[in-house]
Colleague: 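My structure is below; once you've seen it, I'll send some questions.
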Amino acid sequence: MGEFNLGDFVSFSENNAVLTSLCDSEKVRVNLLCMEEGQTALEDTSDQKVVVIVNTGSGFVVTGEQEQGVEEGTLIMFESGETRSLKAKTKLTALVTTILKG
């Protein structure tokens, strides 16, 4: 069993979103995503199923032409093949689980 205090892994960069690996197996990858206001992430995961839980902050999920607001406590599920991105409106942290093909 792995137990994590997410606060120990929070790290921000003014240049890019920070993705910290918490678990990496053959089928599942779990990361802590930390984003400054205006940063985007998850654009390169469209070929995988992804589950995101917003831990702190707020932002927008963009899928194709649609944009939807998200905030602390929001659970987002992306199917494989969906065009997507997550954009931070405020400083944002999220737990990102990627389900790998195979």
Colleague: Locate the shortest heavy-atom distance separating S11 from C34; write the atom from each residue and the value.
Modeller: O-CB, 3.0 Å
Colleague: Could you list the donor-acceptor pairs under 3.5 angstrom formed by side chains in residues 67-79, with sequence neighbours left out?
Modeller:
{"residue": "T74", "atom": "OG1", "partner": "E71", "partner atom": "N", "Å": "3.0"}
{"residue": "T74", "atom": "OG1", "partner": "E71", "partner atom": "O", "Å": "2.7"}

Colleague: Just jot down the salt bridge (charged side-chain N to carboxylate O under 4.0 Å, His left out) partners of R29, sequence neighbours excluded, or say none.
Modeller: D24
Colleague: Are the side chains of L86 and L92 in contact, using a 4.5 Å heavy-atom criterion?
Modeller: yes
Colleague: Evaluate the side-chain proximity of V61 to L42: yes if any heavy-atom separation is below 4.5 Å, no if none is.
Modeller: no
Colleague: Short question: side chain of S85, backbone of E43 - any donor-acceptor pair under 3.5 Å?
Modeller: no
Colleague: Establish whether F9 and V28 are linked, either directly or via other cluster members, by ILVMFWY side-chain heavy-atom contacts under 4.5 Å.
Modeller: yes
Colleague: How long is the straight-line distance from CG of D8 back to OG1 of T20, given to the nearest 0.5 Å?
Modeller: 11.5 Å
Colleague: Using only heavy-atom distances, determine whether the side chains of T56 and T93 contain a donor-acceptor pair under 3.5 Å.
Modeller: yes
Colleague: Identify the heavy atoms of T63 and R84 that sit nearest to each other, and give their distance.
Modeller: CG2-CB, 4.3 Å
Colleague: Do the side chains of M35 and V54 join up, straight or via other hydrophobic residues, at under 4.5 Å, putting them in one cluster?
Modeller: yes
Colleague: Which pair of heavy atoms, one from S46 and one from E82, lies closest together, and at what distance?
Modeller: CB-O, 3.1 Å
Colleague: Verify the cluster assignment for L33 and I53: are they in a single hydrophobic cluster under the rule of side-chain heavy atoms below 4.5 Å apart?
Modeller: no
Colleague: Among T97, V96, L95, N31, exactly one meets side chain to side chain contact (heavy atoms under 4.5 Å, CB included) together with L22. Which residue is that?
Modeller: L95
Colleague: For V50 and V52, which heavy atoms make the closest approach, and how far apart are they?
Modeller: CG1-CG2, 3.8 Å
Colleague: Taking C-beta and beyond as the side chain, do Q48 and L100 meet within less than 4.5 Å on heavy atoms?
Modeller: yes
Colleague: Is Q39 reaching over with its side chain to a backbone N or O of V18, donor-acceptor style, under 3.5 angstrom?
Modeller: no
